[in-house]
Amino acid sequence: MSDTVNFSLFAALSRRSDGGVVIASNARNNLQFFDARGRRIKTVGRSCRGPGEFDGIWSLSRTSDTLVVLDRTGIPHLFSVAGSYLRSDPVIANPATTLGEFPPLELTRAKNGRPRANLYAPRNRVTVLSDHVCTGYAGGVTISCFDQQWRKVGTATLRDVAPVSVTKADEEAWFNDIYEANVGDAKDKLDRQVRLERERRTFARSMGYFGSLIASRDDLLWVGPPSTADSRPFVTNVVPSTPTTWRVFRPNGSPVATVSLPARFRLVEAGGDYVAGITADSDGAEVVLVYRLAKR
């Protein structure tokens with residue numbers, strides 16, 4: 001691939017039926033289309049808040065012949081798999097508003113009465129399958145799926161799970177990200193910023209019972225473990241240092257499988273017989289990996 005391709009702040013990827021891939025870049029707020037040989041054939045989108053424009057790409061998923069890009073405003077932008085803009089749909093911009101209120105960021109009260117962000121706290125998770133929306137609060141062990149008329153069709157229940165604790169190392173990593181994301185700034189300026197952030201922030205005791213929800217290409221719900229990457233301000237892809245376990249369900253809530261993924265691999269997309277995601281090489285550069293699933 002050309003060295004002009006920017007994969008920094010890589011947000012997500014999706015594989016196309018012709019063997020090509022679509023990569024969402026959070027650095028440039030666009031979608032980059034590549035053919036099966038790795039040649040870039042199209043770039044779609046830009047930084048803004050209009051139709052088909054992105055205010056920070058949060059996720060990319062594919063449902064049949066449609067790409068769904070969710071930005072941080074909560075609005076899904078729909079594109080064809082060929083890259084043509086279809087529409088932006090505020091109707092499902094925030095399913096949690098319709099399905100029940102879940103706090104996107106928990107707050108605690110400081111002694112002066114001002115709210116402080118409770119970082120790494122359990123949060124609402126949402127993913128869109130082809131005909132369903134699945135959502136759940138990470139502080140619980142259930143994820144509910146709804147049809148297009150917002151009728152509940154099933155509830156997936158996680159069994160034999162425990163909440164993942166937030167460690168002191170996790171807390172310090174959040175502040176260290178500020179230094180790493182602003183390496184050109186004077187250290188005394190960054191020190192002041194970090195001190196101010198320490199006054200404004202507090203940390204949850206745990207991240208909850210689950211993290212990412214991913215809609216697979218075969219229309220199943222993949223439920224992943226919590227990750228500190230979900231709340232780190234300047235880092236979108238932290239590859240896990242240990243193996244991860246994902247639980248797979250049908251929209252009606254029935255369990256399908258438990259999948260173990262290797263360390264140094266962050267899942268981005270799943271299909272009936274494969275998983276795709278990223279790792280990082282020795283220089284910290286992101287690398288796309290695809291594994292074939294083996295049944296036991």
*For Leu60 and Phe79, what are the C-alpha separation, side-chain angles and deciding distance, and is it a side-chain contact (heavy atoms from CB on, under 4.5 Å)?*
CA-CA 11 Å; Leu60 167 68; Phe79 296 82; over 6 Å; no
*Gap separating the CZ atom of Arg264 from the CD1 atom of Ile278, nearest 0.5 angstrom*: 9.5 Å
*Would you say the side-chain atoms of Thr135 pair up with the backbone N or O of Arg125, donor to acceptor, closer than 3.5 Å?*
yes
*Not counting sequence neighbours, which residues clear side-chain contact (heavy atoms from CB on, under 4.5 Å) with Val164? List them please.*
Met207, Pro226
*Please examine the side chains of Phe34 and Ile41, heavy atoms only from C-beta on, and report whether any two atoms are closer than 4.5 Å.*
no
*Got a second to check how far Ile178's CD1 is from Gln193's CD, nearest 0.5 Å?*
5.0 Å
*side-chain contact (heavy atoms from CB on, under 4.5 Å) between Val81 and Thr66, worked out*: CA-CA 6 Å; Val81 290; Thr66 304; over 6 Å; no
*Is Ser25 reaching over with its side chain to a backbone N or O of Asn29, donor-acceptor style, under 3.5 angstrom?*
no
*Minimal non-hydrogen separation, Ala263 against Ser241, with atom names*: CB-O, 3.4 Å
*Taking the side chain as every heavy atom from C-beta outward, state whether Thr155 and Ile143 have any atom pair closer than 4.5 Å.*
no
*What distance separates Leu129 CG from Phe146 CZ, expressed to the nearest 0.5 Å?*
13.0 Å
*Drop me the distance from Lys187's NZ to Arg192's CZ, to the nearest 0.5 angstrom.*
11.5 Å
*Any donor and acceptor pair, going by atom type alone, linking the side chain of Asp219 with main-chain N or O of Ser130 inside 3.5 Å?*
yes
*For Ala138 and Pro122, work out which heavy atoms get closest and say how close.*
C-CB, 3.8 Å
*Just wondering, are more than 12 heavy atoms of other shown residues or ligands nearer than 6.0 Å to CG in Asp160?*
no
*Can you name the closest pair of heavy atoms from Thr244 and Pro225 and give their distance?*
CB-CG, 4.0 Å
*asked:* Checking Tyr179 now: which residues fulfil ring-ring contact (aromatic ring centres under 6.0 Å, His included) with it, not counting sequence neighbours?
replied: none
*Just how far is it from atom CG of Leu78 to atom CZ of Arg87, taken to the nearest 0.5 Å?*
5.0 Å
*Could you walk me through whether Thr43 and Phe33 pass the side-chain contact (heavy atoms from CB on, under 4.5 Å) test, one step at a time?*
CA-CA 6 Å; Thr43 298; Phe33 290 74; over 6 Å; no
*Hey, what do you get for SG (Cys134) to CZ (Arg250), rounding to the nearest 0.5 Å?*
13.5 Å
*Each residue besides Tyr274 in its hydrophobic cluster should be listed here, by chain and number; the cluster joins Ile, Leu, Val, Met, Phe, Trp and Tyr at side-chain heavy-atom distances under 4.5 Å.*
Val290
*Arg198 and Glu171: salt bridge (Lys or Arg N to Asp or Glu O under 4.0 Å), yes or no, with the steps?*
CA-CA 10 Å; Arg198 289 184 185 276; Glu171 296 180 14; over 6 Å; no
_Hydrophobic cluster partners of Val248 (side-chain heavy atoms under 4.5 Å)_ = Ile214, Leu220, Trp222, Trp246, Val256, Val259, Leu261, Phe265, Leu267, Val275, Leu289, Tyr291, Leu293
*Look at the side chain of His77 and the backbone N and O of Glu53, then say whether any donor-acceptor pair between them is shorter than 3.5 Å.*
yes
*Return yes if some donor-acceptor pair links the side-chain N/O of Asp170 with the main-chain N/O of Val166 below 3.5 Å, else return no.*
no
*asked:* Could you check whether any side-chain heavy atom of Leu67 comes within less than 4.5 Å of a side-chain heavy atom of Val22, counting everything from C-beta outward?
replied: yes
*When hydrophobic residues are tied together by side-chain contacts of less than 4.5 Å, even through go-betweens, does Val153 share a cluster with Leu221?*
no
*asked:* With side-chain contact (heavy atoms from CB on, under 4.5 Å) as the criterion, how do Asp131 and Asp147 come out once you've worked through the C-alpha distance, each side chain's angles and the decisive distance to 0.1 Å?
replied: CA-CA 6 Å; Asp131 294 314; Asp147 64 17; over 6 Å; no
*Spell out, as yes or no, whether a donor-acceptor pair under 3.5 Å connects the side chain of Lys42 to the backbone of Ala82.*
yes
*asked:* With a 3.5 Å distance limit and no angle check, can you tell me whether Thr142 reaches the backbone of Thr157 through a side-chain donor-acceptor pair?
replied: no
*asked:* With salt bridge (Lys or Arg N to Asp or Glu O under 4.0 Å) as the rule and sequence neighbours excluded, what pairs involving residues 238-247 come up?
replied: none
*Would you name the heavy atoms of Gly272 and Asp218 that are closest together and state the gap between them?*
CA-OD2, 3.3 Å
*asked:* Tell me if the centroids of the rings in Phe203 and Phe175 come within less than 6.0 Å of each other.
replied: yes
*If you look at every heavy atom in Arg201 and Trp174, which pair is closest and at what distance?*
NE-CH2, 3.7 Å
*Members other than Val287 in its cluster, when Ile, Leu, Val, Met, Phe, Trp, Tyr link by side-chain heavy atoms under 4.5 Å?*
none
*Do you know the tightest heavy-atom contact between Tyr209 and Pro163?*
CE2-CD, 3.2 Å
*Between the side chains of Tyr85 and Ser88, does any donor sit under 3.5 Å from an acceptor?*
yes
